[in-house]
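Every chain is numbered from 1, with letters handed out A, B, ... down the list of sequences. Hydrogens, waters and symmetry mates are skipped; everything else that's a heavy atom, side chains included, is used.
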Amino acid sequence: MTCFRYILALAIKEFLALLRDKRSRMVIIGPPIAQLLIFGFAATYDLNNVPVAIFDEDRGVAARELVSRIDGSPNFQVITTISHDSEVAPLIDNKEVLLVLHIGQNFSADLMQGRTAPLQAILDGRNSNTAMIAMNYLRTILLDYNLSWLESQGRSGPLVSLQTRAWYNENLQSRWFIIPGIVGLLTLVVTLLVTALSVAREREAGTFDQLLVTPLRPTEILIGKAIPGIVIGLLQATLIIVLMVLFFEIPLRGSVGALYLGIVLFLLSAVGIGLMISAIAATQQQAVLGAFLFLVPSVILSGFSTPIANMPQLVQWLTYLNPLRYFLVVVRGVTLEGDSYALLLNQYWPMAIIGVASLAFAGWLFRNRMY
Amino acid sequence: MRRSSRMRLLGMIRKESLQILRDPSSISIAFVLPVVLLFLFGYGVSLDAKLIPVGIVIEQPDSATQSLAGAFERSEFFRPYHFDSIQSAQQMLNERRIDGILWMRSNFSSNLLAGQEAPIGVIINGVDSNQANITQGYIQGTWLAWLSRYAESRGHSLPVPVSLEQRVWFNAALSSRLFLVPGLIAIIMTMIGSLLTALVVAREWERGTMEALMVTPLRIGELLAGKLIPYFALGMAGMLFSVALAVWQFDVPLRGSLWLLMASSALFMLVALAIGMLISIVSKNQFVAGQLAIIVTFLPAFILSGFLFDINSMPEWVQLITHLVPARYFVAILQTLFLAGDVWPVVLSNMGALLLMLLFFFTLVWRKSHKHLE
């Protein structure tokens, strides 16, 4: 019984240390919400209004019809037409357009005579992903154009067609993919910083030694130090999830319980790693930098923005140590795929192991690392 | 008088440099982090999908379905798994073990032979919409190639009214590494410049050594210069190091001129330092400084700089916000200088924007850093 009282007292003290300062309170609550709003709108791979220049040497009806289809698509916007080859380079070099479409002189003639008419697309490849996405949009438009051209000529298209459906994210909006990821990202940032500084701050002030000679056992210190991180992380995650569902209208198809089990396990591992960093660091500066050294690779190697499957095998193995990797699958699984406990089991236990192991190591460091 | 001013400045620089050298964490941010990040991004992170696991459901195998399945087996983009019912394939899709399904129903071949439409059902896991789009593109490509081969094998040719010829400038192979690595340099510089400076000066406030510095004859300008110069040197060293890694280790071409790269980097570094300084003056404690530095410098540099996400596709009001992110201008400069060359209009306009930001932030720092106590 006294054990709980001790832990409670320590946890309250930790909360006070964290929330007493007005500026600290503000950075914990305000920025994550602002970030969710800004990043939620900013972080998308979907392109709209890609600036296009048309270099039409044909000027026939067929070419005009193709151009109007491209201009009519929400993805593209024809901003200029050019009439000479030499105008292409400056437009692309200066980033005025991403794409120049060159329609050759014989375009209409080729089409009328049933020959294949080439359409040349020149793209700015400085951001190769954007170039590739724009290319895919263009291909889809062209495929439609070809089919309707064949139909208008009274010929049938290919007998075998593709009827594509996307599951879980039916309209393939990248916002649906990124925003659940931001839940994990922001929760990790705050939890890690809150816990990474908790021991280092006391070390720097010299009060950690005092804490060690109190009747509190290291395990109790550990739990007392872990509680604020978990509580703050839990509140923050809840706030972000509510905003995600109500404001960004991301569906929540699976079981909320499965999501919260994931959040608790994720927080456990984040808090464990944060305390571990904190116990290793001698100063607050080292603790923040250590948190950072952990944070950046773990965001990059989590599948937040680029898929883990594309990484080389060695790096893929490394991602198994990253709690964010598992948590992102849980969030996306519950929100988009409608998963429940059973399908997420393989994400739960690694987070639990990481959490328990890092907390145990942090507790061991409390006792054995003295300055 | 001038001589004593120089001595004071040198003393201050010496103190700061010693502090950097003694604390392993500063050095690791400047040199270890760039290496780790560049290697992770250079080798680890790729947006280029390869060997996408797809399920191929053939309800009634025969020569037509075999040739179509064969097209997917020979493709370098797919790792096919075979199923004879759609249910078992959907189960695998649910478990995230395959990313897509191609479904040839039992009447596929008979319809095809009878000259009727024989659609292939395609189901894609859309959670990662970007990958789903890429997968869809590859499936389409493989399908088109098969169509024309199938038509040829039956003695006629597939009518293709308009065919697309793509030419991608600056990065013909569309390798994502070539744009990720230059963009990453901007992020590394942001971290060295802002995070490190913010923490260091905040620590002086927290420990009260700032007050000790104030009672010295150091003038405010000397104090700022003494703090900034060592970190500027550290940042530029990190920059040179990253450029060398990019060019020699990752084969990113440097098509622009090195001096222009260095000049714009120096400008960006100063902006980053000024922001770091401002954060530390405003926050005065390391927890707040650390949080602020991550929130106002690192995350925007990651998401709002155009490093990964296309700025033109963001909503209007977010595009306005991106103009406040210095990394935005630097990413544009870096991607242009590395991949395209010295394109003056792009480089100059972005350097102009950086210069404006520098003036703005330095004025703020100057006005905020009064030499007096609270």
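- Contact of B:Phe108 with chain A is made through the side chain alone, with heavy-atom distances under 4.5 Å.
- Side-chain N or O atoms of B:Asn130 include none that pairs as donor or acceptor with a backbone N or O of A:Tyr45 at under 3.5 Å.
- Residue A:Ala342: no heavy atom, backbone or side chain, is found under 4.5 Å from chain B.
- In this structure, CG on B:Asn171 lies 11.5 Å from CZ on A:Arg126, to the nearest 0.5 angstrom.
- Residues B:Phe170 and A:Asp93 meet the side-chain proximity criterion, which asks for heavy atoms closer than 4.5 Å.
- Contact of the A:Phe41 side chain with the B:Met314 side chain is not registered, since no non-hydrogen atoms from C-beta on lie closer than 4.5 Å.
- Only the side chain of A:Tyr145 comes within less than 4.5 Å of a heavy atom in chain B; its backbone stays farther off.
- Heavy-atom distances place the side chain of B:Trp146, and not its backbone, under 4.5 Å from chain A.
- The parts of B:Leu112 that come within reach of chain A are both its backbone and its side chain, each placing non-hydrogen atoms under 4.5 angstrom from that chain.
- Both the backbone and the side chain of A:Val190 come within less than 4.5 Å of a heavy atom of chain B.
- For A:Ile178, the part sitting under 4.5 Å from any heavy atom of chain B is the side chain, from C-beta outward, and nothing else.
- For A:Leu336, the part lying near chain B is the side chain, with the backbone staying farther off; criterion is any non-hydrogen pair under 4.5 Å.
- Between the CG atom of A:Asn94 and the CH2 atom of B:Trp344 there is a distance of 13.0 Å, given to the nearest 0.5 Å.
- The greatest number of non-hydrogen atom pairs below 4.5 Å with chain A, out of B:Ser283, B:Ala132, B:Ala289, B:Ala340, is found for B:Ser283.
- In this structure, A:Leu111 and B:Val162 approach most closely via the heavy-atom pair CD2-CG2, 4.1 Å.
- When B:Gln140, B:Gln166, B:Gln136 are each tested for a side-chain hydrogen bond (donor to acceptor under 3.5 Å, both in side chains) with A:Arg139, only one passes: B:Gln166.
- Residues B:Val318 and A:Phe39 are not in side-chain contact: their nearest non-hydrogen atoms beyond the backbone lie 4.5 Å or more apart.
- Remark: A:Thr306 OG1 to B:Leu180 CG distance equals 8.0 Å, nearest 0.5 Å.
- Heavy atoms of A:Asn171 lying under 4.5 Å from chain B are absent altogether.
- In this structure the side chain of A:Arg165 never reaches within 4.5 angstrom of the side chain of B:Val122, judged on heavy atoms.
- Rounding to the nearest 0.5 angstrom, the gap separating the CD atom in B:Gln335 from the OG atom in A:Ser128 is 9.0 Å.
- When heavy atoms are compared at a cutoff of 4.5 Å, B:Phe298 approaches chain A solely by way of its side chain, counted from C-beta outward.
- Side chain of B:Ser313 to backbone of A:Asn48: a donor-acceptor contact under 3.5 angstrom is found.
- For A:Leu147, no part sits under 4.5 Å from any heavy atom of chain B, backbone or side chain.
- The closest side-chain heavy-atom distance from A:Phe177 to B:Asp128 is below 4.5 Å.
- Using a 4.5 Å cut-off between heavy atoms, B:Thr336 touches chain A through backbone and side chain atoms alike.
- For A:Leu197, the part sitting under 4.5 Å from any heavy atom of chain B is the side chain, from C-beta outward, and nothing else.
- With a 4.5 angstrom heavy-atom cutoff, A:Glu170 does not touch chain B via any of its atoms.
- Within 6.0 Å of CZ in A:Arg115 there are more than 12 heavy atoms belonging to other residues, nucleotides or ligands.
- Heavy atoms only, all atoms of each residue included: A:Val288 and B:Gly290 are closest at CG1-CA, 4.1 Å.
- The CG atom of A:Asn129 lies 6.0 Å from the CD1 atom of B:Ile134; values are rounded to the nearest 0.5 Å.
- Counting heavy-atom pairs closer than 4.5 Å to chain A, the top residue among B:Leu178, B:Val343, B:Leu339 is B:Val343.
- Only the side chain of B:Trp317 comes within less than 4.5 Å of a heavy atom in chain A; its backbone stays farther off.
- In this model, a donor atom of one side chain and an acceptor atom of the other lie less than 3.5 Å apart for B:Asn94 and A:Tyr168.
- In this structure, A:Leu289 and B:Leu195 approach most closely via the heavy-atom pair CD2-CD2, 3.7 Å.
- The parts of B:Ala332 that come within reach of chain A are both its backbone and its side chain, each placing non-hydrogen atoms under 4.5 angstrom from that chain.
- Heavy-atom distances place the side chain of A:Arg332, and not its backbone, under 4.5 Å from chain B.
- Under the 4.5 Å side-chain criterion, counting only non-hydrogen atoms from C-beta, A:Glu337 is in contact with B:Arg96.
- At a 4.5 Å heavy-atom cutoff, the contact between A:Ala42 and chain B is made by backbone and side-chain atoms alike.
- With contacts defined as side-chain heavy-atom distances shorter than 4.5 Å, the pair B:Gln131/A:Pro307 qualifies.
- For A:Thr130, the part lying under 4.5 angstrom from a heavy atom of chain B is the side chain only.
- For a residue to count as touching a neighbouring chain, one of its non-hydrogen atoms must lie under 4.5 Å from one of that chain's; by this rule A:Leu99 does not touch chain B.
- With chain B as the partner, the residue from A:Thr335, A:Asn346, A:Asp110, A:Leu142 showing the most heavy-atom pairs under 4.5 Å is A:Leu142.
- For chain A, the nearby parts of B:Trp169 are the backbone and the side chain; heavy atoms of each come within less than 4.5 Å.
- Heavy atoms of A:Leu162 lying under 4.5 Å from chain B belong to its backbone as well as its side chain.
- Ranking B:Tyr150, B:Trp103, B:Trp143 against chain A, the residue ahead of the rest is B:Trp143, based on heavy-atom pairs under 4.5 Å.
- Using a 4.5 Å cut-off on side-chain heavy atoms (C-beta onward), A:Asn127 and B:Phe307 make no contact.
- Considering only heavy-atom pairs separated by less than 4.5 Å from chain A, the leading option among B:Val347, B:Leu147, B:Thr322 is B:Leu147.
- Counting heavy-atom pairs closer than 4.5 Å to chain A, the top residue among B:Leu93, B:Asn133, B:Leu292, B:Asn312 is B:Leu93.
- The shortest non-hydrogen separation linking A:Ile38 to B:Ile321 is CD1-CD1, 3.9 Å.
- Across all non-hydrogen atoms, the minimal contact from B:Gly126 to A:Ala166 is CA-CB, 4.4 Å.
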